[in-house]
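Fair warning: this is a prediction, and the values are worked out from it, not measured in the lab. Chain naming here is simple, since letters A, B, ... match the order of the sequence lines and numbering starts at 1 in each.
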Amino acid sequence: MPILSKEEAQTILKKAMAFSKAEDCTISLSGSEGGNIRYARNAVSTAGDINSMSLGVTSAFGKRTGTATINEFDDASLQKVVHRAEELAKLAPENPEYMPLLGPQTYPESITYNPATAAINPDKRADAVGKSLQVAKEGKLEAAGFLENGTGFNSFMNSKGLFAYNKDTDVSFSVTLRNEAGTGSGYISKSYNDVARLDTLALTKIAASKANGSAGAKAIEPGKYTVILEPLAASDMVDNMFNGFDARNADEGRSFMSKKGGGTRMGEQLFDPNVTIYNDPMDPILPSSTWTGDGRPQRKTVWVDKGVVKNLAYSRYWAQQKGVDAVPPARRMIMQGGTSSIADMIKNTDRGILVTRFWYIRFVDPQTLLLTGLTRDGTFYIENGKIKFPIKNFRFNESPVIMLNNVEELGKAERVGNLVVPPMKIRDFTFTSLSDAV
Amino acid sequence: MKRRDFLHYTGLGLGAAILSNIPLPGKAVSPEVLLDNPIDTTVKKQLADVVLTTAKSKGASYADVRIGRYLRQYITTRERNVESITNTESYGIGIRVIANGSWGFAATDRMDKESIAKATDTAVAIAKVNAKLQIEPVQLAPQKGYGEVNWKTPIEKNGLEVPLKEKVDLLLAANNVALTNGASFINNSLFLINEQKYFASTDGSYIDQDIHRIWPTFTVTKTDKKSGKFETRNALSAPMGMGYEYLMPREEDKIKGIITLYKNRYDLLEDVKTATLHVDEKLKAKPVEPGKYDLVLDPTNLFLTIHESVGHPTELDRVLGYEANYAGTSFVTLDKWKSKNFNFGSKLVNFVADKTQQNSLGAVGYDDEGVKTKEWDLIKDGILVNYQATRDQAHIIGLKESQGCSYADDWSSVQFQRMPNVSLQVGKSPLQPADMIKKIEKGLYMFGRNSYSIDQQRYNFQFSSQLCYEIKNGAITGLVRDAAYQANTQEFWNSCSAICDQSDFRLGGSFFDGKGQPSQVSAVSHGCATSKFSGVNVINTGRKI
């Protein structure tokens, strides 16, 4: 029931829209179904299935809006929710930033739905986890992991004749393996649109090899080092940068994208020429909906081209204030990779550090985007082109903006969470203290 | 689908942009729905009994049921505008069972008896599937049934009953104070939460609870176009387990020092005005010289250091490895506890865990597996003496009963071990911050939470503040910027050299503390008085891009 087809969704939306008496009305209908299984200490700890569907109505009279939501879909309930949104709108304070609704739009068909992923059930999840546990038990390691899959649909209609529909699937898996002595820890995390790509056995083996390889870490002095960031570590850093690609905050002078003297840094060479970042709803590895929550078409957009800032995101209100195109914000960013590999990068490094992932990253200074956090689950010292030994974890204080000015090499980009990023070799990365954590 | 994506997709006036990082379960409702009477306990008991009977008949050895109605109202404003008013209600039932020695869980918002019985079947079936992958059966600490009992947060004024206009007017009046005093921007929000929870179990408890929490918070920003610099100062309020009375200032709840601080009542207008002056000062402040300092940490800053470096590592599920794949494990391993001589901190350091402290976020009568709440020592005279446990963990540390640390953030979430309030006990001799400062040659005095980060076993941390004053030769010289303290947990708490007395004791808290997969939030308070830490490493975080 929670996953409706385009036609089924449209029928309910039309029925609800017929009850509207507001000047503007937007109705959304969304549903999701999915489940998860969690394990720790080599046994399942929790598991669950979650389904939901709900309809939301936003009614507007002038610049006053009200929103109400319901999870029942009979005629009387639809009428009630529309009426409630209208009542709320009449009570609401005026929103001076309210924008008139968009008219009908054309969107290409997305590629976000995969039938095999949608067919995952509790048995399949348990099987996948069974394979992961097998690796742990055979390797005398302790596993803790999480597997989650979901299928969702989103649709909306407005009183200006706009209708949009999208259906998507996703599956994500992560596992941590630790040795019995608690001196080594390894981790892997992968997300896919297509479950056929998920191999929990192979992935758990990677985590196992990290757990064994990281045991007996030695301490080395903190300081500035050349680092080779695996895609997970690279994504941890760059992910924290994208919220800053907002034109309004930049124009208001409270962002790293703000320009001295006023305005934004659009058009400036802010990063190394190797850095190109875009989003593309039709990317096969990281597909996304072809429309945004307010009905704007989501197109391929280049945000950074060869280090130059090419676009910032605008709300429709802010775009109108500035007289520019309202480029919608992109969440699923892709950083273009290079031709190198992690093995090549190690070979080309005289003295450096290989980082599996970072942890507990927080902003320290929004002005420079300085972040702090720690390495975790496998950090290794490199000398004369070879991995020499595992090292104790470091705390870093570094800005992704500075980091992306110090790029030496990029490898092949891959999906990590909701990003696509390459492994990268970075010079002068700042580690400020040691941690005993394993 | 992740909630963030969901909000992103729908984005229908739900305040999606501003609230995208804040958990917002439930469906949007009109404000008057939040005032509807709670569900009748007779009805809840009947529904609970359906679960308990069905579970037993399907072969469960234990079952508990939580019928929850969670009401949330979030108001966000910026400058002269209300950005969003979000009212949500989440009503449903969560069913947890033990069958074949394994846990199973299912939840539904279909509140007819048939749907509830079906969900119970599912929970038992999941338990039986999971049992095949189980190593040892779940072992529950004994718990007597309490019969039909209830508990309510002792509030004076229900924030959800205060007219919306009054709340919006207060926030906009505060914004006006900021703007007329020279702030460039202000984001000002109010969060109100009411959990109406009913718990029943096969042990014979039927517990009805009505829990209230409130959190007013803001950020004042000042930009300097010429230099391209900007500074912010956040509210020095605390999230509290209180009603709207928290927003009704009272002189006796103010502590007046270099800045005014608040105990159980908060003066929003006053704090916004002070914050507006502070952002100006912060723009002109000199950078901190990195090095070793004696730190004087106000409770508005220290509470978060307690939360991260004491609260989390003493969670027994982390110690055992249940959180290894996400939040991490803990340096406070069982062997350290068994040794009875692990020096967590200096002799002055005493930490008490509780779920009973009045006005705290953690205060409830009973936890989410029907255990009456209490308080106990975690660190005694600097030595590690205990952890935080639930019923299925109690036997691991030799306890005969649970400490009452079970919590779920919604009826649809599985309850698990969550942090109780963890508070630093005050100094026994009279001591005020001003006395402390007089004796410091080279120090920093910090207020307010800011950047925070700690490793996955809770050894190495880094914290910064909203306001950092330099102390030189016993006197405060002025604000400095870009200061963050970095330390090792055990070294830090062993460097604790003075703690102020009861008159300076205040609660701070985390309103949306995340843990678990799928992630759940919880709210928890940490009390302390201003404390001194000798010779702590401070770094300068200023950079140029």
For A:Asp436, the side chain to side chain donor-acceptor pair (under 3.5 Å) test, sequence neighbours excluded, returns A:Lys392

Could you look at A:Arg265 and say if it's the side chain, the backbone, both or neither that has a heavy atom under 4.5 Å from chain B?
-> side chain

Structural part of B:Lys225 lying under 4.5 Å from a heavy atom of chain A | both

Part of B:Ser227 lying under 4.5 Å from any heavy atom of chain A = backbone

Please look at A:Glu252 and chain B and tell me whether the side chain, the backbone, both or neither of the residue comes under 4.5 angstrom of a heavy atom of that chain.
-> both

Assert top hit (heavy-atom pairs under 4.5 Å, partner chain A, pool B:Ala106, B:Pro518, B:Ala484) equals B:Pro518

Residue, of A:Ser258, A:Ser45, A:Ser174, A:Pro93, that accumulates the most heavy atom pairs under 4.5 Å with chain B = A:Ser174

Name the region of A:Leu434, side chain, backbone, both or neither, that has any atom closer than 4.5 Å to a heavy atom of chain B.
-> backbone

Proximity breakdown for A:Thr432 and chain B, heavy-atom pairs closer than 4.5 Å | both

Heavy-atom closest pair, residues A:Thr67 and A:Leu88 = O-CD1, 3.1 Å

Cut-off 4.5 Å, heavy atoms of chain B, and the answer for A:Arg41 is both

Is the number of heavy atoms from other residues, nucleotides or ligands within 6.0 Å of NZ (B:Lys128) greater than 12?
-> yes

Part of A:Phe256 lying under 4.5 Å from any heavy atom of chain B | both

Of A:Asn243, A:Leu369, A:Asn249, A:Asp246, the residue whose pairing with A:Ser255 passes side chain to side chain contact (heavy atoms under 4.5 Å, CB included) = A:Asn249

For B:Tyr326 and A:Arg376, the nearest pair of non-hydrogen atoms, with its separation, is O-NH1, 3.0 Å

Non-hydrogen atoms of chain A under 4.5 Å away: do they reach the side chain of B:Gln456, the backbone, both or neither?
-> both

With a 4.5 Å cut-off on heavy-atom pairs, point out which of B:Ile135, B:Thr223, B:Asp455 contacts chain A the most.
-> B:Asp455

Under 4.5 Å from a heavy atom of chain B, the part of A:Asn405 involved | neither

A:Val364 versus chain B, heavy atoms under 4.5 Å apart: side chain, backbone, both or neither?
-> both

A:Phe363 versus chain B, heavy atoms under 4.5 Å apart: side chain, backbone, both or neither?
-> backbone

Report the option among B:Ile539, B:Asn488, B:Leu320 that has the most heavy-atom pairs separated by less than 4.5 Å from atoms of chain A.
-> B:Leu320

Contact winner vs chain A - B:Ile126, B:Thr329, B:Val168, B:Thr232, heavy-atom pairs under 4.5 Å = B:Thr329

What are the two closest heavy atoms between A:Asn166 and A:Ser289, and how far apart are they?
-> ND2-CB, 3.6 Å

Counting only heavy atoms not in B:Lys118, do more than 12 fall under 6.0 Å of its NZ?
-> no

Heavy-atom pair count under 4.5 Å with chain A, highest-scoring of B:Phe461, B:Phe105, B:Phe185, B:Trp103 = B:Phe185

Where on A:Ser399 is there a heavy atom nearer than 4.5 Å to chain B: the side chain, the backbone, both, or neither?
-> side chain

Closest non-hydrogen atom pair between B:Gln134 and B:Gly101, with its separation = NE2-O, 4.1 Å

So which part of A:Val438 gets closer than 4.5 Å to some heavy atom of chain B, the side chain, the backbone, both or neither?
-> both

Pick one of side chain, backbone, both or neither for A:Arg254, based on which atoms fall under 4.5 Å of a heavy atom in chain B.
-> both

Looking at A:Pro96 and A:Lys63, what are the two nearest heavy atoms and their distance?
-> O-NZ, 3.6 Å

